[in-house]
**Student:** 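Okay, handing you the structure first.
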Amino acid sequence: MSAPLTSRSRTTAAAQWRALGTTVRVVVTDPALLESCNLILAGHLAEVDAACSRFRADSELAALDTAAGSPVRVSPLFAEALDIALRAAEATDGAVDPTVGSAMDAIGYDRDFTLVREDDRPIRLTVKRAPGWRTVRLDRETGTVTVPTGVHLDLGATAKAWAADKAAAILAATAGCGVLVSLGGDTAVAGEPPADGWQIRVQDITGPVQETPTQGPYATVGLHSGGLATSGTAARTWRRADHTLHHIIDPLTGLPAQTPWRTVSVAAATCAEANAATTAALVKGAGAERWLTRRGLPARLVAQDGLVVTTPGWPTHPRGAGLCQHAAGPRGATSPHRGTAA
């Protein structure tokens with residue numbers, strides 16, 4: 001954890017630093033409680049990293065790789081994180097699958113992302129279906145996890161969002177104020193929000209974040225509860241030989257998803273649910289907006305050509321409009337906009 005940068009207004013205070021390989025931001029409605037919330041959050045994220053990191057040889061997740069298919073006793077924290085991942089896989093019909101760990105390694109994402117982009121080792125891209133989430137057994141009664149030999153897990157599609165949900169709930173309960181926690185853009189809120197909701201800018205990024213990317217159309221929404229997540233194929237990319245790669249894996253091929261969307265944002269009852277939906281939408285590709293509408297999830301999808309499509313429940317009013325996570329349903333059509341905020 002680096003030293004946090006802090007800012008204050010009359011009603012809120014915020015801090016920002018890096019952890020889990022991403023940007024961490026916490027905002028509280030009681031400025032006097034910011035420092036204590038920072039300390040609690042830092043401790044929580046350290047526990048999540050020790051449990052779920054794919055890049056730490058001493059993590060609980062890494063221990064499963066050497067278990068040769070035998071049951072491994074895990075902490076309640078890891079069991080909860082894995083349970084969230086398995087639920088996401090079931091809810092998305094396998095579009096989000098925690099057994100893509102080997103596929104991630106195969107495309108070169110086998111270390112912290114800042115190091116991935118510096119690595120120029122050649123790779124061979126091979127179509128190979130992920131083993132499938134149903135091969136993983138989580139026994140909550142015995143506190144054990146069984147992963148078949150050769151199957152490697154990656155909880156990246158759900159763990160940060162789940163960590164944000166858990167952190168926001170812990171901080172709100174402890175501090176007794178409104179709290180926003182954002183981990184790399186996966187945002188969860190808890191407690192009493194500001195009067196006009198938490199104002200969140202949903203930004204379409206059209207280039208690698210490490211290279212001062214071009215920013216596409218954006219929207220600012222007011223989030224009062226639950227979570228909001230954005231996933232995309234443009235911000236976290238790297239090259240190997242003639243291949244431009246990204247981290248959204250299609251479990252059917254084991255390769256970066258070929259998708260008409262470059263960015264998807266979703267609001268849901270939890271950040272974990274929102275994040276799973278954004279990843280699934282990118283993997284599902286064409287027709288993802290209909291899948292999100294059937295699930296009743298307000299969403300904003302930006303196509304590769306800049307076309308913005310929204311589902312029912314996503315605000316189409318001026319920036320700062322309130323976002324209702326449960327308003328959308330199977331009725332109603334999506335609303336396309338080109339090059340403007342939804």
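Atoms considered below: every heavy atom in the structure, side chains included; atoms not considered: hydrogens, waters and symmetry mates.
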**Student:** Given the rule that I, L, V, M, F, W and Y join up when any side-chain heavy atoms are under 4.5 Å apart, are L61 and L45 in one cluster?
**Tutor:**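 Not linked; separate clusters.
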**Student:** Testing D250, D154, L153 one by one against V100 for a side chain to side chain contact (heavy atoms under 4.5 Å, CB included), which residue passes?
**Tutor:**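 Checked D250, D154, L153 against V100; only one passes side chain to side chain contact (heavy atoms under 4.5 Å, CB included): D154.
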**Student:** Out of the candidates V202, V264, T187, only one should pair with T230 under the side chain to side chain contact (heavy atoms under 4.5 Å, CB included) rule; please name it.
**Tutor:**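 Checked V202, V264, T187 against T230; only one passes side chain to side chain contact (heavy atoms under 4.5 Å, CB included): V202.
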**Student:** Grab the two heavy atoms, one from D65 and one from V151, that are nearest each other, plus how far apart they are.
**Tutor:**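 Scanning both residues completely, I find the closest heavy atoms to be OD1-O, 4.2 Å.
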**Student:** Nearest heavy-atom pair of D305 and R262: which atoms, and what distance?
**Tutor:**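 What the structure gives for the nearest pair is C-NH1, 4.4 Å.
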**Student:** Enter the distance from D165:CG to E273:CD here, rounded to the nearest 0.5 Å.
**Tutor:**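 Between D165 CG and E273 CD, I get 9.5 Å after rounding to 0.5 Å.
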**Student:** In Å and rounded to the nearest 0.5 Å, what is the CZ to CH2 distance from R87 to W133?
**Tutor:**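 R87 atom CZ to W133 atom CH2 measures 10.5 Å (nearest 0.5 Å).
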**Student:** Where do N275 and S231 come nearest, in terms of heavy atoms and distance?
**Tutor:**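 Taking N275 first and S231 second, the nearest heavy atoms are ND2-OG, 3.9 Å.
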**Student:** Would you name the heavy atoms of I249 and P256 that are closest together and state the gap between them?
**Tutor:**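 For I249 and P256, the tightest heavy-atom pair comes out as CD1-N, 3.9 Å.
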**Student:** Quick one: does V145's side chain get under 4.5 Å of L82's, heavy atoms only?
**Tutor:**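 Answer yes - side chains close enough.
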**Student:** Quick one: does T311's side chain have a donor or acceptor within less than 3.5 Å of a partner on L297's backbone?
**Tutor:**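 Yes, because the side chain of T311 sits within donor-acceptor range (under 3.5 Å) of the backbone of L297.
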**Student:** Less than 4.5 Å apart, side chain to side chain, heavy atoms only: is that true for N38 and W17?
**Tutor:**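 Side chain of N38 against side chain of W17, heavy atoms only: contact under 4.5 Å found.
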**Student:** Could you tell me if W261 and E289 have a donor-acceptor pair between their side chains, going purely by distance under 3.5 Å?
**Tutor:**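 The answer is no; no qualifying pair exists.
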**Student:** Does L155 share a hydrophobic cluster with F55, counting links as ILVMFWY side-chain heavy atoms below 4.5 Å and allowing steps through other members?
**Tutor:**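 No, separate clusters.
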**Student:** Please determine, by modelled atom types, if T23 and R18 share a side-chain donor-acceptor pair under 3.5 angstrom.
**Tutor:**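 A donor-acceptor contact under 3.5 Å links the two side chains.
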**Student:** Restricting to non-hydrogen atoms, name the atom on G150 and the atom on S102 that form the minimum distance, rounded to 0.1 Å.
**Tutor:**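 Where G150 meets S102 most closely, the heavy atoms are O-OG, 3.8 Å.
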**Student:** Would you say that more than 12 heavy atoms from the other residues, nucleotides or ligands in this model lie under 6.0 Å from the CD of E90, or not?
**Tutor:**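 Check fails, neighbour count at 12 or below.
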**Student:** Return the minimal non-hydrogen interatomic distance between P251 and D97, and the atom names on each side.
**Tutor:**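 What the structure gives for the nearest pair is CG-CB, 3.8 Å.
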**Student:** Using side-chain heavy atoms (C-beta onward) and a distance below 4.5 Å, is E60 in contact with V72?
**Tutor:**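 No. Closest side-chain heavy atoms not under 4.5 Å.
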**Student:** Indicate yes or no: at least one non-hydrogen side-chain atom of L301 is less than 4.5 angstrom from one of L292.
**Tutor:**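 When only atoms from C-beta onward are counted, L292 and L301 do touch, with a gap below 4.5 Å.
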**Student:** Using a 6.0 Å cut-off, check whether atom CZ of R140 has over 12 heavy atoms from anything other than its own residue.
**Tutor:**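 Yes, the 6.0 Å shell around CZ holds more than 12 heavy atoms from other groups.
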